[in-house]
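Single-structure report; data block below.
Here is how names work: the chains are called A, B, and so on, in the same order as the sequence lines, proteins then strands, and each is numbered from 1. Here the structure is a predicted model, which is why all the values come from computation and not from measurement.
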Amino acid sequence: MPALQFYNSLSRQKEVFQSLIPGKVGLYVCGPTVSGESHLGHARPFITFDIVYRYLRHLGYQVRYVRNITDAGHFEEEGRESEDKISKKAALEKLEPMELVQKYTNLFHWAMREFNNIEPSIEPTATGHIVEQIVMIQKIIADGYAYEANGSVYFDVEKYHRHFGARNMPYGILSGRVLDDQLETTRELESQEEKRNKADFALWKHAAPEHIMRWESPWGEGFPGWHIECSAMSTKYLGDEFDIHGGGMDLQFPHHECEIAQSAVCNHKIPARFWLHNNMITINGRKMGKSYNNVIKLSELFSGNHEILTQGYSPMTVRFFILQTHYRSTLDFSNEALQAAERGLRRMWEAFTQLNKFEVSGDVVTAGDLDLEAHCFGVLSGLEADMNDDLNTAKVLAGLFELVPVINSIKDGLISKDALTSSTMRMMKEMFNTYLVDIFGLKEEKKQDDQKLSAVLGLIADIRRDARARKDYATSDKIRNQLLSAGIQLKDEKDGGVSWELV
RNA sequence: GGUCCUGUGGCCGAGUGGCUAGGCAGAGCUCUGCAAAAGCUUCUACAGCGGUUCGAAUCCGCUCGGGACCUCCA
């Protein structure tokens, strides 16, 4: 069995994963900025790294999964204005910053639960770690890689690059950018005159009077800069060097590059061994993002309440949609694609439900159909290798889909129950459960286990069966059609039974 | 302008130098009182041109198209 490999953005190639401490993994993922409601694009990293988390645990690792909440404002530069994003929005909505932050944090948590993402081990907030950030900045200043200017503190990228480049940690090691180019092309920004070089980035910003979020610091009242929170919190909870750092590709530069520089100064190491980046969700080929005015918020996505949506899509449909693509490929949104995912998931889930109902006798040792046995066993045996190959969830799902006709055929009696050995049947049940439920985190969405509804429908199905036996099709069709219009679909099974499904 | 990624059939998407990806949609057939579901079969592919090779969607080059990052961004 091939060992688990991840594509490491740092080395730009797949590498076999080995944890720094045997049996334990430290995982840090950049969390949301809670200045607004999460949209479809945000769903991807959190689902992707939920799979990473689940899979590592499945493999037996004890994982500490840290995902921060960015609740202290980052900057928003538009033209000449430079305002704290959160305080700006807060002014518009006439809310206290922390009230706004709480509101969107709650919404974020709601969305994560809807997606069935396991909550991280630690979910630290930026505002809760101001002290740690200040200490880190002081250390960087003391080492000579940052300077103060008018109450703000900037990281000296050029000096860092000169010194740490010689130690194989140049600025640009992650993103592949060349600093000289940066110096030429960085856009003109506010406070630029405070910086020694255009590429320098803020560690601490002096708070203008209108800023609501502000903290005391050795440099006066202000607030932390763009990148220091992740360095401070990942160091605090995972140490100077940990296993995996994840996030969206758009964070690779400058955010993660800056994190590396900050941590390298303080801890003399690149903070993480593996850097994993998920690709973007696009809409009409364009990245979903505020600046493109093409975002679909998660609440809109679920409800269908958005002009470009022809219907709502359930959280599990979205999750399945995301899993059907490799995480490093762009994924293009369209109603057609989501509907395909919805139907595909239903088909998969019905087969899975059916599979769980099969009794495995335990005494079939010789397969009745050797070709089929070999086929099923081959598919099942290959799943782990696909998963280990940089989490090819798309390929795993394709493999599981190959077994769906087998399950359905057994159910319909088209394939004998003795066609497969008991061990293969058991393996199939186990693998479906392991992948769909444990690793992919899919779950039943429509509650069919309502006892009272089941009793009523059982009765109705009985009545209809009697009507059909009398060839009273007017009655049987009336029952079926009316139930269908009420959202309940009856299906006459091959064995004479009736099953029902909420649609 | 700089750095990088990408172009697969109606749609979404996986992919190893030679072996059917898969899903959705379409068509035919089977089962069925009809329907739904299901099963079987099946049509549309690897942007274009050239090169390497016994053989390339898969490697190389060029052309054209799309995108990301360079600025907060998942």
For a quick check under 3.5 Å, do A:Glu158 and A:Asn197 share a side-chain donor-acceptor pair by atom type?
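There is no such pair (donor and acceptor under 3.5 Å, judged by atom type) between the side chains of A:Glu158 and A:Asn197.
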Just by distance, no angles: are the side chains of A:Asn68 and A:Thr70 close enough, under 3.5 Å, to form a donor-acceptor pair?
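Yes, A:Thr70 and A:Asn68 have a side-chain donor paired with an acceptor closer than 3.5 Å.
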Considering only [options], which nucleotide approaches the side chain of [X] most closely?
X	options	value
A:Thr325	B:A14, B:A68, B:G33	B:A14
A:Asp332	B:C70, B:C12, B:A14	B:C12
A:His326	B:A74, B:G22, B:G15	B:G15
A:Tyr473	B:A74, B:C12, B:G33	B:G33
A:Tyr292	B:U71, B:A68, B:A74	B:A68
A:Arg286	B:G13, B:A14, B:A68	B:A68

Are A:Phe46 and A:Phe115 near enough that their ring centres are under 6.0 Å apart?
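Centroid separation for A:Phe46 and A:Phe115: 6.0 Å or greater.
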What about the rings of A:Trp110 and A:Phe302, do their centers lie closer together than 6.0 Å?
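Yes, they do, as the ring centres are separated by less than 6.0 Å.
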Would you mind reading off the distance between [X] atom [atom1] and [N] atom [atom2], rounded to a whole angstrom?
X	N	atom1	atom2	result
A:His277	B:C73	NE2	C1'	13 Å
A:His245	B:A74	NE2	P	13 Å
A:Lys290	B:U71	NZ	P	19 Å
A:Glu257	B:A68	CD	P	21 Å
A:Glu37	B:A74	CD	P	14 Å
A:Phe253	B:C70	CZ	P	8 Å
A:His227	B:C73	NE2	P	7 Å
A:Asn279	B:A14	CG	C1'	15 Å

Using the side chain to side chain contact (heavy atoms under 4.5 Å, CB included) rule, pick out the option among A:Ile122, A:Ile244, A:Val66 that qualifies with A:Tyr28.
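That would be A:Val66.
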Of A:Arg12, A:Gln252, A:Met169, A:His245, which meets side chain to side chain contact (heavy atoms under 4.5 Å, CB included) against A:Leu174?
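Of all the options given, the one that passes is A:Gln252.
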Please determine, for [N], whether a Watson-Crick or G-U wobble partner exists with both distances under 3.5 Å, and give it or none.
N	result
B:G9	none
B:C40	B:G28
B:U3	B:A68
B:G33	none

Short side-chain N/O contact from [X] to OP1 or OP2 of [N], under 4.0 Å:
X	N	value
A:Arg343	B:A25	yes
A:Lys471	B:C34	no
A:Ser329	B:A14	yes
A:Ser291	B:C73	no

Checking only heavy atoms, does the side chain of A:Asp477 share a donor-acceptor pair with the base of B:G33 at less than 3.5 Å?
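Answer yes: a donor N or O sits under 3.5 Å from an acceptor.
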A:Lys478, NZ atom: more than 12 neighbouring heavy atoms under 6.0 Å
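Count not over threshold, so no.
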Base, sugar-phosphate, or nothing: which does A:Ala398 touch, judged by heavy atoms less than 4.0 Å apart?
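It contacts base atoms.
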Could you encode protein contacts along nucleotides 35-46 of chain B as a string, one character per nucleotide from 5' to 3', using B for base contact, S for sugar-phosphate-only contact and - for no contact, with a heavy-atom cut-off of under 4.0 Å?
BBBSSS------
Using a 3.5 Å distance criterion without hydrogens, assess whether the side chain of A:Arg328 forms a donor-acceptor pair with backbone atoms of A:Asn279.
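No: the side chain of A:Arg328 does not pair with the backbone of A:Asn279.
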For residues 400-410 of chain A, dump all side-chain donor-acceptor pairs below 3.5 Å to protein atoms at least two apart in sequence or in another chain.
| from | atom 1 | to | atom 2 | distance (Å) |
| --- | --- | --- | --- | --- |
| A:Glu402 | OE1 | A:His375 | NE2 | 3.2 |
| A:Ser409 | OG | A:Pro405 | O | 2.8 |

Could you work out the separation of B:G23 and B:C19 based on their C1' atoms and round it to a whole Å?
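The same atom, C1', in both gives a distance of 22 Å.
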Measure across A:Pro124 and A:His129 and return the closest heavy-atom pair with its distance rounded to 0.1 Å.
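Looks like CB-CE1, 3.4 Å.
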Can A:Lys103 and A:Asn106 be said to form a side chain to side chain contact (heavy atoms under 4.5 Å, CB included), step by step?
CA-CA 5 Å; A:Lys103 173 182 161 186; A:Asn106 291 344; 5.8 Å; no
Let me spell it out: for each of A:Glu336 and A:Asp389, pick the nucleotide of RNA chain B with the closest heavy atom. Which residue's pick is nearer the 5' end?
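Looking at the nearest nucleotide for each, A:Glu336 comes out on the 5' side.
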Between A:Gln324 and A:Phe401, which is nearer to the 5' end of RNA chain B once each is assigned its nearest nucleotide?
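Counting from the 5' end, the first nearest nucleotide belongs to A:Gln324.
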RNA chain B-proximal residues of residues 309-323 of chain A, any heavy atom under 4.0 Å:
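None, since no heavy atom is under 4.0 Å.
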